[in-house]
Amino acid sequence: MTTWLNMSLQDGASPIMEQLVFFHDHVLMIMLMITTTVLYMMITLIRNKQTSRFMLEGQMIETTWTIAPAIILVFIAMPSLRLLYLMDEVHNPALTLKAVGHQWYWSYEYSDFTKLEFDSYMIPQEEQQESTFRLLDTDNRIVLPMNSPIRLIVTAADVLHSWTIPSLGVKTDATPGRLNQTSFSINRPGILYGQCSEICGANHSFMPITIESVPAKYFINWASK
């Protein structure tokens with residue numbers, strides 16, 4: 001979960017999110033170098049009188065500023081395409097979770113278990129405790145095993161929603177009449193928070209998502225109750 005005055009991304013709780021953070025830093029460094037170079041050239045042009053009646057063309061500099069951006073785009077595109085394929089790849093899942101968006105709460109179904117489903121509502125402010133987070137905690141948390149490939153199927157029952165967990169790098173639209181699929185793996189135990197990221201109505205801000213990541217044996221004990 002993010003903290004006060006945090007200017008960067010949340011700590012990644014999945015391999016994909018860690019790669020997304022690395023790619024963000026990679027592109028940011030390229031942008032910093034481009035910005036520094038352009039700023040230096042602008043200052044040079046302002047402070048010096050670049051006049052010469054003998055200079056009619058500069059083929060070398062024109063060739064350089066045409067080829068250099070193409071090379072920079074290749075350095076950005078290659079890791080970006082790699083990440084796109086990694087995010088789209090769905091391995092053999094150890095568990096399938098179905099999330100259904102409603103106005104304004106989430107319903108969950110564990111497809112590999114019989115009759116393991118529940119609704120997840122935000123905890124009202126008057127019922128909150130000191131250990132809960134306002135507008136982020138739910139009465140029924142999603143319990144998932146860590147270090148296991150999980151397939152997520154998302155849909156909606158009424159309007160557009162979006163199932164989002166920033167620390168997992170997962171953001172999937174919930175569309176009525178359509179099943180969207182994604183996958184992720186949680187690499188550490190803990191509680192992960194997210195919210196609906198689609199403006200879905202008056203109570204859009206009050207349908208949070210809470211995941212409790214636990215070791216596999218604790219998940220099996222929870223699911224068998």
Side-chain angles (χ1 to χ4, degrees), residues 1-93 147 149-154 160-175 178-188 192-200 204-205 209 211:
M1 180 177 168
T2 188
T3 56
W4 296 108
L5 300 178
N6 188 6
M7 300 298 291
S8 59
L9 300 172
Q10 294 186 27
D11 292 336
S14 69
I16 290 296
M17 185 57 190
E18 291 178 352
Q19 292 295 317
L20 286 171
V21 173
F22 291 151
F23 177 67
H24 168 268
D25 296 341
H26 169 72
V27 175
L28 208 61
M29 288 304 299
I30 293 177
M31 291 176 60
L32 181 62
M33 289 187 289
I34 293 174
T35 304
T36 304
T37 304
V38 173
L39 184 63
Y40 170 77
M41 294 173 66
M42 291 177 64
I43 293 175
T44 303
L45 289 172
I46 292 172
R47 297 187 61 180
N48 298 283
K49 293 182 179 180
Q50 307 289 348
T51 58
S52 175
R53 63 191 181 93
F54 299 106
M55 179 179 282
L56 299 178
E57 61 181 15
Q59 293 185 358
M60 181 59 68
I61 188 64
E62 290 178 2
T63 303
T64 302
W65 72 42
T66 301
I67 295 177
I71 296 174
I72 292 172
L73 288 176
V74 170
F75 276 97
I76 295 176
M78 295 307 292
S80 175
L81 291 173
R82 172 179 170 271
L83 257 179
L84 283 174
Y85 279 106
L86 285 175
M87 293 173 68
D88 195 51
E89 184 72 20
V90 179
H91 303 283
N92 295 326
N147 296 325
I150 297 167
R151 174 171 56 191
L152 176 69
I153 298 175
V154 182
L160 291 174
H161 300 280
S162 185
W163 199 90
T164 308
I165 299 290
S167 58
L168 292 179
V170 175
K171 185 177 186 295
T172 306
D173 289 338
T175 308
R178 179 185 177 92
L179 294 176
N180 289 329
Q181 177 179 280
T182 187
S183 64
F184 58 89
S185 177
I186 309 173
N187 58 12
R188 58 182 170 87
L192 312 175
Y193 297 97
Q195 289 177 303
C196 174
S197 297
E198 190 74 50
I199 301 177
C200 56
H204 155 69
S205 304
I209 305 162
I211 293 180

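Atom set for the values below is all heavy atoms of this structure, side chains included, hydrogens, waters and symmetry mates excluded. This one's a predicted model, so the numbers in the text were calculated from it and none came from an experiment.
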Student: To check you understand the geometry: which heavy-atom pair defines the closest contact between Arg188 and Asp11, and what is its length?
Tutor: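 Scanning both residues completely, I find the closest heavy atoms to be NH2-O, 3.5 Å.
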Student: State the CD1-OG1 distance between Ile30 and Thr35, to the nearest 0.5 angstrom.
Tutor: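 Rounded to the nearest 0.5 Å, the CD1-OG1 separation comes to 11.5 Å.
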Student: Are any non-hydrogen side-chain atoms of Ile186 and Ser14 less than 4.5 angstrom apart?
Tutor: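 They are not in contact (no side-chain heavy atoms under 4.5 Å apart), so the answer is no.
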Student: I need the Asn92 CG to Arg151 CZ distance, nearest 0.5 Å.
Tutor: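 Output value for this atom pair is 9.0 Å.
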Student: Looking at CD1 of Ile34 and CE of Met29, how far apart are the two atoms once the value is rounded to the nearest 0.5 Å?
Tutor: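 So the gap between those two atoms works out to 11.5 Å.
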Student: Of the non-hydrogen atoms in His204 and Glu198, which two are nearest, and what is the gap between them?
Tutor: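 Answer, listing the atom of His204 first, then Glu198: ND1-O, 2.6 Å.
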Student: Please round to the nearest 0.5 Å and tell me the distance separating atom CE of Met87 and atom OG of Ser183.
Tutor: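 So the CE of Met87 and the OG of Ser183 are separated by 9.5 Å.
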Student: Could you tell me whether a side-chain N or O of Ser80 sits under 3.5 Å from a main-chain N or O of Ile76, the two making a donor and an acceptor?
Tutor: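 Here the side-chain-to-backbone pair does not exist.
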Student: Would you check if the side chain of His161 reaches a backbone N or O of Val154 as a donor-acceptor pair within less than 3.5 Å?
Tutor: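 Checked: no pair found.
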Student: Tell me, with the steps shown, if Ser185 and Asn187 meet side-chain contact (heavy atoms from CB on, under 4.5 Å).
Tutor: CA-CA 6 Å; Ser185 177; Asn187 58 12; 5.8 Å; no
Student: Would you say that more than 12 heavy atoms from the other residues, nucleotides or ligands in this model lie under 6.0 Å from the CD of Gln59, or not?
Tutor: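 12 or below, so no.
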Student: Roughly how far apart are Met41 CE and Thr36 OG1, rounded to 0.5 Å?
Tutor: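 Going from the CE atom of Met41 to the OG1 atom of Thr36 covers 13.0 Å.
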Student: Return the minimal non-hydrogen interatomic distance between Val74 and Pro79, and the atom names on each side.
Tutor: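 Where Val74 meets Pro79 most closely, the heavy atoms are O-CD, 4.5 Å.
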Student: Looking only at heavy atoms, which two atoms of Leu168 and Met17 are closest? And how far apart?
Tutor: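 Heavy atoms only, the tightest pair is C-CB, 3.8 Å.
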Student: What heavy-atom pair brings Lys171 and Ser197 nearest, and what distance separates the two atoms?
Tutor: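 The answer is CE-CB, 3.6 Å.
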Student: Show your working on side-chain contact (heavy atoms from CB on, under 4.5 Å) between Leu160 and Thr175 and close with a plain yes or no.
Tutor: CA-CA 5 Å; Leu160 291 174; Thr175 308; 3.8 Å; yes
Student: Could you go through Trp163 and Ile209, starting from their C-alpha distance and side-chain angles, then the distance that decides it, and tell me whether this counts as side-chain contact (heavy atoms from CB on, under 4.5 Å)?
Tutor: CA-CA 8 Å; Trp163 199 90; Ile209 305 162; 3.6 Å; yes
Student: If I take atom CE from residue Met60 and atom CH2 from residue Trp65, how far apart are they, to the nearest 0.5 angstrom?
Tutor: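 One finds 12.5 Å between CE of Met60 and CH2 of Trp65.
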Student: Run the side-chain contact (heavy atoms from CB on, under 4.5 Å) test on Ile72 and Met33 for me, step by step, so that the C-alpha distance in whole Å, both residues' side-chain angles and the decisive distance to 0.1 Å come before the verdict.
Tutor: CA-CA 11 Å; Ile72 292 172; Met33 289 187 289; over 6 Å; no
Student: Which atom pair, heavy atoms only, marks the closest approach of Glu18 to Gly12?
Tutor: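 Nearest heavy atoms, Glu18 then Gly12: OE2-O, 4.0 Å.
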Student: Exactly one of Ile16, Leu152, Ile150 should register a side-chain contact (heavy atoms from CB on, under 4.5 Å) with Thr182. Which one does?
Tutor: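 One option only clears the test, and that one is Leu152.
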